[in-house]
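Take a look at the structure below.
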Number of protein chains: 2
Amino acid sequence: MSAEESILKLVDAGELDREDYRLQDQVGFILRRAHQRHVSIFAAHIADLTPPQFAALAKLRDVGETSQNQLGQLIAMDAATVKGVIDRLKARGFVELTRHEVDKRRLLVSLTAEGREAVERLIPLAQKITEETLSPLSPKEVATFMKLLAKMA
Amino acid sequence: MSAEESILKLVDAGELDREDYRLQDQVGFILRRAHQRHVSIFAAHIADLTPPQFAALAKLRDVGETSQNQLGQLIAMDAATVKGVIDRLKARGFVELTRHEVDKRRLLVSLTAEGREAVERLIPLAQKITEETLSPLSPKEVATFMKLLAKMA
DNA sequence: TTGATATCATTTGCGTACGAATGAATTTTG
DNA sequence: CAAAATTCATTCGTACGCAAATGATATCAA
């Protein structure tokens, strides 16, 4: 008896319980695996920086000086997480922190020269990472996938 | 001048550096956000269990008793991660651990009655979670998206 | 059979990720 | 203006996620 037939038999018998929910078919599960795969590809190309750390640097390159909180919003990290990421980048000399002159609550983050040099150098690698992550898909599939993924996120 | 024109001007001037890599367009970044969103939806429906914990329970329901390592492979978790997840499920009384009689290295994991009751009760909620995660997409888009996501993961 | 290899589990260390609580500074509002 | 509400940053606690090292057990091969 094939797997198909086996399932149909269970349906008939009203014993589908074990068949109607397959973990490996759920978006959440596959999303998690896709993300894991990406992180692994990232690490293979950029060993000394994590994706969140690179995201912070790349975004700082775009927007220049911002507060820690605002940077967090731009790269989808809550305040507690962003703090850790920025702390580590600061320890490496990639960013520097200054208090906002007017609003003394704010902590302004900006790239150091070294930080800027690092992002510029890494961006070509980041493009390769994106490419490799999407490599199982054809160009047309990539376009479709990115559109739908963005719609969902 | 529109943003488009502004970019074109930069291209002409050979100053495209800041425009040719946009973090928010990279798969890795969007994948991370999509995953975050899913986890958040999950938590809203199932507050007392994390997605990895539920994954372990759901898979144990499918396969019955397995070793910790093998379970890890089935749910895409390395040995160190799986240990923590199983420890917490054990502390809650959802799984029980026994040494393999023949191969004394192996630690067999299986659902307790309480664990089984919990999964069965939660599966309908998990289905809702999948639904809600995919809700920004039309049924046709869902089919396309799931196919491509699986291909990529 | 024994010595090399492989497998299973555990531990350590580091880095996200986020809820909740706290305190300082700012803004809103009565 | 003064009290209430909000914002920014920090800290604590919990939970993945993975690399690397370790120890116990099994398997393979000379």
Side-chain angles (χ1 to χ4, degrees), chain A residues 28-29 31-44 46-57 65-92 94-95 97-109, chain B residues 28-29 31-44 46-56 65-92 94 97-109:
Chain A
F29 184 72
L31 223 37
R32 179 169 142 270
R33 289 204 296 115
H35 182 248
Q36 283 175 354
R37 175 170 168 273
H38 171 260
V39 171
S40 159
I41 291 172
F42 189 102
I46 300 181
D48 61 339
L49 225 50
T50 64
Q53 287 166 9
F54 177 76
L57 296 183
E65 195 176 56
T66 8
S67 73
Q68 230 181 226
N69 257 17
Q70 176 150 25
L71 179 61
Q73 290 189 334
L74 293 171
I75 57 180
M77 273 178 225
D78 73 7
T81 302
V82 108
K83 186 188 189 318
V85 173
I86 294 301
D87 278 356
R88 285 179 283 276
L89 290 175
K90 177 172 147 62
R92 297 262 219 114
F94 288 155
V95 301
L97 303 176
T98 53
R99 277 289 162 194
H100 191 287
E101 285 298 311
V102 179
D103 187 340
K104 290 175 202 155
R105 293 169 306 180
R106 292 190 200 165
L107 196 56
L108 296 175
V109 192
Chain B
F29 184 72
L31 223 38
R32 180 168 142 271
R33 290 203 296 116
H35 182 248
Q36 283 174 355
R37 174 170 169 273
H38 172 260
V39 171
S40 158
I41 292 172
F42 189 101
I46 300 180
D48 61 339
L49 225 51
T50 64
Q53 287 167 10
F54 176 76
E65 195 176 55
T66 9
S67 73
Q68 229 179 227
N69 257 16
Q70 177 151 23
L71 179 61
Q73 292 189 333
L74 293 171
I75 57 180
M77 272 178 226
D78 71 8
T81 301
V82 109
K83 186 189 187 320
V85 172
I86 294 302
D87 278 356
R88 286 180 282 276
L89 289 176
K90 177 171 146 63
R92 298 261 219 114
F94 288 154
L97 303 177
T98 53
R99 278 287 161 193
H100 191 288
E101 284 298 312
V102 179
D103 186 342
K104 288 178 204 153
R105 295 168 306 176
R106 293 191 199 165
L107 197 56
L108 297 175
V109 192

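- Proximity of A/T50 to A/F42: side-chain heavy atoms (C-beta onward) are nowhere separated by under 4.5 Å.
- Atom CZ of B/R106 is separated from atom P of C/dT7 by 11 Å (rounded to the nearest Å).
- In this structure, CD of B/Q70 is placed 13 Å from P of C/dT7, rounded to the nearest angstrom.
- The closest side-chain heavy-atom distance from B/L71 to B/I86 is below 4.5 Å.
- Taking 4.0 Å as the cutoff to heavy atoms of chain A, we find the contact window on DNA chain D bounded by D/dT7 to D/dC18.
- Looking at A/R106, its side chain never comes within 3.5 Å of a backbone N or O of A/R99 through a donor-acceptor pair.
- Using a 4.0 Å heavy-atom cutoff across all strands shown, A/S67 reaches sugar-phosphate atoms only and no base atom.
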query: Once each nucleotide of nucleotides 10-21 of chain C is scored for protein heavy atoms under 4.0 Å, what B/S/- sequence comes out, 5' to 3'?
result: BB---SBBBB--
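- Rounded to the nearest 0.5 angstrom, A/D87 CG and A/L97 CG are separated by 7.5 Å.
- The minimum heavy-atom distance linking A/A79 with A/N69 is given by the pair CB-OD1, 3.6 Å.
- No side-chain heavy atom of A/T66 sits under 4.5 Å from any side-chain heavy atom of A/V109.
- Residues B/P52 and B/M77 have side chains in contact (heavy-atom distance under 4.5 Å, counting atoms from C-beta outward).
- Under the 4.5 Å side-chain criterion, counting only non-hydrogen atoms from C-beta, B/H35 is not in contact with A/Q36.
- Looking at B/R32, its side chain never comes within 3.5 Å of a backbone N or O of A/P51 through a donor-acceptor pair.
- Among the heavy atoms of the strands, none lies under 4.0 Å from A/V109.
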Give me the distances for all protein-to-nucleotides 22-24 of chain C N/O pairs that come in under 3.5 Å?
none

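- With respect to B/V85, the side chain to side chain contact (heavy atoms under 4.5 Å, CB included) criterion is satisfied by exactly one of B/Q68, B/Q53, B/K90: B/Q53.
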